[in-house]
There are 2 protein chains.
Amino acid sequence: MNDDTRRNQPLFPISIVMKLTELSARQIRYYEEHELINPARTDGNRRMFSFNDVDKLLEIKSLIEQGVNLAGIKRVFELNQQAVSLLKNEVKNEQVSDAAIHRRLKRDLLHAGRLGKTSLIQGELSRFFH
Amino acid sequence: MNDDTRRNQPLFPISIVMKLTELSARQIRYYEEHELINPARTDGNRRMFSFNDVDKLLEIKSLIEQGVNLAGIKRVFELNQQAVSLLKNEVKNEQVSDAAIHRRLKRDLLHAGRLGKTSLIQGELSRFFH
DNA sequence: TTGACATGTTAGGTTATGTAACATAAGATA
DNA sequence: TATCTTATGTTACATAACCTAACATGTCAA
């Protein structure tokens, strides 16, 4: 069993997770309802949480404490995933040389100050003044 | 004048920005009040917006439409900046070889699926079971 | 001097959470 | 096994905080 699989094993009932995260059961269920987590279930329909689930709940808790709402948390999770994917593609492709990665990063990151995004207003302006 | 400076020039009064973004004046002011934007002011205290301000407002609008609240938008902006900075440091340091960057990215991105973050629960668990 | 803009207040809809009521599952014990 | 207890499930209602709209009032500028 690899590390990834191990961290996804359903191990903890909700009572344990409440103590680990200091979140109420209501909160934990609410976050599941809104698809921020997706814990496994037992035959008897009890939630069983993995290490990854708990990690996610701790990140949710931290963001909540910063005043971020659930839609925002979802977006933050997506952004993390997106940044990872963007660079995974670069790094994973064995045919791309280190130098090419270096150049690509330089272009993407140093130029616009954003990850792969072009200016929004350009499109707006052309739509507007025609 | 470079491109960056040009995009920060105070050019548009709020009426223009309202049309460009299809946001109400109240909304635009509210976002300024909560420090998501920081438009320049004329001597007479009128707001004057740059291309960058408008870009930011369009991004705010898009996130608002996804249900993200202002704290979440602030976090998203920070995350963008953070990801950029993280990699800027890698790329900017001329003494770091391409190969080293490649290795570092592989470690950071392929392993944990996060940007430079280690598992949260490890610390939690050690605090808990002692 | 009239239209655009500034600030402040108020009211209403949405969201996140608490709480309570009641049903079911799991585990312990007679 | 039968039953008792506790943990957990779902659902409904209440509430506080957040965001927007609407309006009032004052100021700047063409």
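Letters go in sequence order (proteins before strands), and every chain restarts at 1.
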Visitor: Per the atom types in the model, does the base of D:dT10 pair as donor or acceptor with the side chain of A:R29 at under 3.5 Å?
Guide: no
Visitor: Find the distance B:I28:CD1 to C:dA4:C1' and express it as a whole number of Å.
Guide: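 Rounded to the whole Å, the gap is 14 Å.
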Visitor: Regarding A:N8 and A:T5, is there a side-chain donor-to-acceptor distance under 3.5 Å anywhere?
Guide: no
Visitor: Checking B:Q9 now: which residues fulfil side chain to side chain contact (heavy atoms under 4.5 Å, CB included) with it, not counting sequence neighbours?
Guide: B:M1, B:R6, B:L11
Visitor: To the nearest Å, how far apart are A:Q66 CD and D:dC18 C1'?
Guide: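 A:Q66 atom CD is separated from D:dC18 atom C1' by 17 Å.
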Visitor: Grab the CD-C1' distance between A:E32 and D:dT10 for me, whole Å please.
Guide: 12 Å
Visitor: Quick check: does any side chain N or O of B:K74 sit under 3.5 Å from a backbone N or O of B:E35, one acting as donor and the other as acceptor?
Guide: no
Visitor: Would you indicate which nucleotide in C:dA4, D:dC18, D:dT10 comes nearest to any side-chain atom of B:N69?
Guide: D:dC18
Visitor: Measure from CZ on B:R26 to P on D:dA24 and round the result to the nearest Å.
Guide: 16 Å
Visitor: Quick one: is B:Q27 getting a side-chain N or O under 4.0 Å of the D:dA21 phosphate, OP1 or OP2?
Guide: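 Looking at the OP1 and OP2 atoms of D:dA21, one of them is under 4.0 Å from a side-chain N or O of B:Q27.
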Visitor: Determine: side-chain N/O of B:S24 to OP1/OP2 of D:dA21, distance under 4.0 Å, yes or no.
Guide: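 For D:dA21, OP1/OP2 do have a side-chain N/O of B:S24 under 4.0 Å.
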Visitor: Hey, is the side chain of A:T42 poking within less than 4.0 Å of OP1 or OP2 on C:dA25, counting only N and O atoms?
Guide: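 Checking A:T42 against C:dA25: no side-chain N or O falls below 4.0 Å of OP1 or OP2.
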Visitor: Quick one: A:F49 CZ to D:dA7 P, roughly how many Å, whole number?
Guide: 16 Å
Visitor: In whole Å, what is the span from the CD atom of B:E33 to the C1' atom of C:dA6?
Guide: 12 Å
Visitor: Using heavy atoms to find the nearest nucleotide of DNA chain D for A:M18 and B:A71 separately, return the residue whose nucleotide is more 5′.
Guide: A:M18
Visitor: Look only at the side chain of A:N69 and the backbone of B:G67, and say whether a donor-acceptor pair between them is shorter than 3.5 Å.
Guide: yes
Visitor: Can you see if the side chain of A:R47 gets near the phosphate of D:dG9 - specifically, an N or O under 4.0 Å from OP1 or OP2?
Guide: yes
Visitor: Between the side chain of B:D55 and the main-chain N/O of B:N52, is any donor-acceptor distance below 3.5 Å?
Guide: no
Visitor: Between A:Y31 and C:dT17, is there a contact of a side-chain N or O with OP1 or OP2 at under 4.0 Å?
Guide: yes
Visitor: Quick one: A:L36 CG to C:dT15 C1', roughly how many Å, whole number?
Guide: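 That distance rounds to 13 Å.
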Visitor: Could you give the CD1-to-P distance, from B:I64 to C:dT15, as a whole number of Å?
Guide: 12 Å
Visitor: Would you kindly compare A:D43 and A:H34 by the position of their nearest DNA chain C nucleotide and give the one closer to the 5′ end?
Guide: A:H34
Visitor: Is it the case that D:dC28 (base atoms only) and B:R46 (side chain only) share a donor and an acceptor within less than 3.5 Å, ignoring hydrogens and angles?
Guide: yes
Visitor: Is A:Y30 near enough to C:dT17 that one of its side-chain N or O atoms lies under 4.0 angstrom from OP1 or OP2?
Guide: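 For C:dT17, neither OP1 nor OP2 has a side-chain N or O of A:Y30 closer than 4.0 Å.
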Visitor: Here's a test of your reading of the structure: between B:G44 and B:L70, which maps to the more 5' nucleotide of DNA chain D?
Guide: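 Nearest-nucleotide comparison on DNA chain D picks B:L70.
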